[in-house]
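Comments concern the structure below.
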Amino acid sequence: MSTITADHRIKEVVRTKSPLLRKAFEWGGFGAGAILVAFGVVAIVMGFSGRATVADSLKLEKIVGSADMTPALIAKEAKDAGLTNVANMPTVAVAGKAIDTGPRARAFASYMRIHALEASGGFTYAQMGRFMAKPDAPKAQLAVGGGTDNPQFALIDSATKQPVANGARNLWVTETALTTALNTSYMADRLGLFGIVVGIALLLSGIGFIVLAFAALHRPKTAALQR
């Protein structure tokens with residue numbers, strides 16, 4: 001008799017715990033799904049907001065691609081300037097177009113680099129000296145790309161009595177600053193797009209959690225009650 005009573009009590013405990021456990025999993029699935037949906041919506045909103053900020057900031061600068069900013073024309077210019085084996089030649093035309101998106105900003109930056117190389121004779125910042133060199137400066141004191149880093153062999157400005165700065169090197173510094181800003185805009189635009197993609201993934205995952213919580217836990221309980 002005691003054995004039968006004990007078995008009956010165990011069955012009652014199991015029956016009591018089973019619906020509670022099922023309910024906990026069900027509400028847990030709904031909760032996890034709701035959180036993922038909320039995160040997804042926030043990520044999507046932030047992604048669109050970030051891209052809009054990038055576009056608005058670029059529009060304020062009122063940058064428009066010059067007439068030679070097409071792959072064919074810039075390649076011809078580079079060849080005429082004696083530039084050979086230039087890496088990362090532009091592949092996107094922005095001639096006459098407003099630079100108001102991340103991809104266009106990146107393309108414009110690539111054209112600026114070619115223009116800077118044309119002005120410097122194909123030499124980069126690190127290859128040029130800080131100052132304009134004297135005509136009789138020893139070759140050992142000259143930088144590969146022209147100019148010198150030694151003030152003793154630099155041209156002296158008659159008004160300031162200071163060494164004359166290397167204009168081509170300064171131009172490269174300015175070009176680098178501008179292209180870095182444009183490439184940063186491109187990166188921010190891509191990060192915004194990444195946020196949108198991640199947001200959509202989170203949104204779909206959240207909806208999937210909710211559907212699974214209903215389908216896998218709610219329906220079996222309804223079928224059991226009908227029996």
Side-chain angles (χ1 to χ4, degrees), residues 40-132 143 145-147 157 159-160 162-201:
V41 172
V42 171
I44 292 171
V45 171
M46 290 179 66
F48 277 112
S49 176
R51 298 192 76 194
T53 299
V54 171
D56 291 341
S57 298
L58 288 172
K59 288 177 183 177
L60 291 175
E61 301 304 321
K62 304 185 185 305
I63 304 172
V64 178
S66 58
D68 64 339
M69 288 187 174
T70 65
L73 289 178
I74 202 67
K76 183 178 183 301
E77 279 189 12
K79 183 179 179 180
D80 293 343
L83 303 180
T84 58
N85 300 322
V86 178
N88 301 322
M89 287 291 290
T91 58
V92 178
V94 292
K97 297 179 181 179
I99 308 304
D100 53 7
T101 65
R104 285 187 181 181
R106 183 172 183 243
F108 188 88
S110 65
Y111 283 103
M112 286 184 63
R113 187 174 189 277
I114 302 303
H115 287 164
L117 286 171
E118 292 173 358
S120 68
F123 297 102
T124 63
Y125 171 87
Q127 295 174 303
M128 293 180 282
R130 294 170 56 200
F131 312 113
M132 296 291 293
D157 190 315
T160 63
Q162 297 296 321
V164 178
N166 188 342
R169 191 172 190 263
N170 290 345
L171 176 64
W172 190 270
V173 172
T174 303
E175 182 273 337
T176 301
L178 293 175
T179 54
T180 298
L182 291 170
N183 284 324
T184 301
S185 296
Y186 171 77
M187 181 181 68
D189 180 83
R190 296 296 93 179
L191 286 174
L193 181 60
F194 177 74
I196 294 171
V197 173
V198 171
I200 293 173

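Just the heavy atoms: all of them, side chains too, but no hydrogens, waters or symmetry mates, feed the values below.
D56 CG: more than 12 foreign heavy atoms inside a 6.0 Å radius. Within 6.0 Å of atom CZ in R106, 12 or fewer heavy atoms from other residues, nucleotides or ligands are found, so the atom counts as exposed in its surroundings. No more than 12 heavy atoms of other residues, nucleotides or ligands sit less than 6.0 Å from atom CE of M132. Around CZ of R130, the count of heavy atoms belonging to other residues, nucleotides or ligands within 6.0 Å does not exceed 12.
Scanning all heavy atoms of the two residues, the minimum distance from G146 to N166 falls at O-ND2, 3.7 Å. Pairing each heavy atom of G145 with each of M128, the nearest pair is O-CG, 3.7 Å. Listed here is the closest heavy atom pair of A81 and E118: CB-CG, 4.0 Å. Residues A109 and T179 share a closest heavy-atom pair of O-CG2, 3.5 Å. Closest non-hydrogen pair, G129 versus A143, comes out as N-CB, 3.4 Å. Counting all heavy atoms, side chain and backbone alike, G122 lies closest to L83 at CA-CD2, 3.4 Å.
Note that the CG atom of D189 and the OG1 atom of T53 stand 11.0 Å from one another [nearest 0.5 Å]. Expressed to the nearest 0.5 Å, how far OH of Y111 lies from CG of L182 amounts to 14.0 Å. Remark: D157 CG to Q162 CD distance equals 8.5 Å, nearest 0.5 Å. Taking CG of N88 as the reference point, atom CZ of R113 lies at 7.0 Å (rounded to 0.5 Å). Atom CZ of R169 sits about 11.5 Å away from atom CD of Q127, to the nearest 0.5 Å.
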What verdict does the side-chain contact (heavy atoms from CB on, under 4.5 Å) test give for N183 and M187, after you've listed the backbone C-alpha separation in whole Å, the side-chain angles of each residue and the deciding distance to 0.1 Å?
CA-CA 6 Å; N183 284 324; M187 181 181 68; over 6 Å; no
Please report the C-alpha distance between W172 and L117 in whole Å, then the side-chain angles of each, then the deciding distance to 0.1 Å, and finally whether the side-chain contact (heavy atoms from CB on, under 4.5 Å) criterion is met.
CA-CA 8 Å; W172 190 270; L117 286 171; 3.5 Å; yes
Please walk me through it: do T176 and Y125 pass side-chain contact (heavy atoms from CB on, under 4.5 Å)?
CA-CA 9 Å; T176 301; Y125 171 87; 5.6 Å; no
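With hydrogens and angles disregarded, no donor-acceptor distance shorter than 3.5 Å links the side chain of R51 to the backbone of G192. The backbone N or O of V45 sits nowhere less than 3.5 Å from a side-chain atom of S49 that would complete a donor-acceptor pair.
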Would you list the atom pairs, donor with acceptor, under 3.5 Å between side chains in residues 61-79 and any protein atom, with sequence neighbours excluded?
unit_1 : atom_1 : unit_2 : atom_2 : d
S66    : OG     : D68    : OD1    : 2.6
D68    : OD2    : H115   : NE2    : 2.8
T70    : OG1    : L73    : N      : 3.3
K76    : NZ     : D80    : OD2    : 3.1

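Between I114 and P90, the closest side-chain pair of non-hydrogen atoms falls below 4.5 Å.
Considering only residues two or more places apart in sequence or on other chains, D100 meets the side chain to side chain donor-acceptor pair (under 3.5 Å) condition with none of them.
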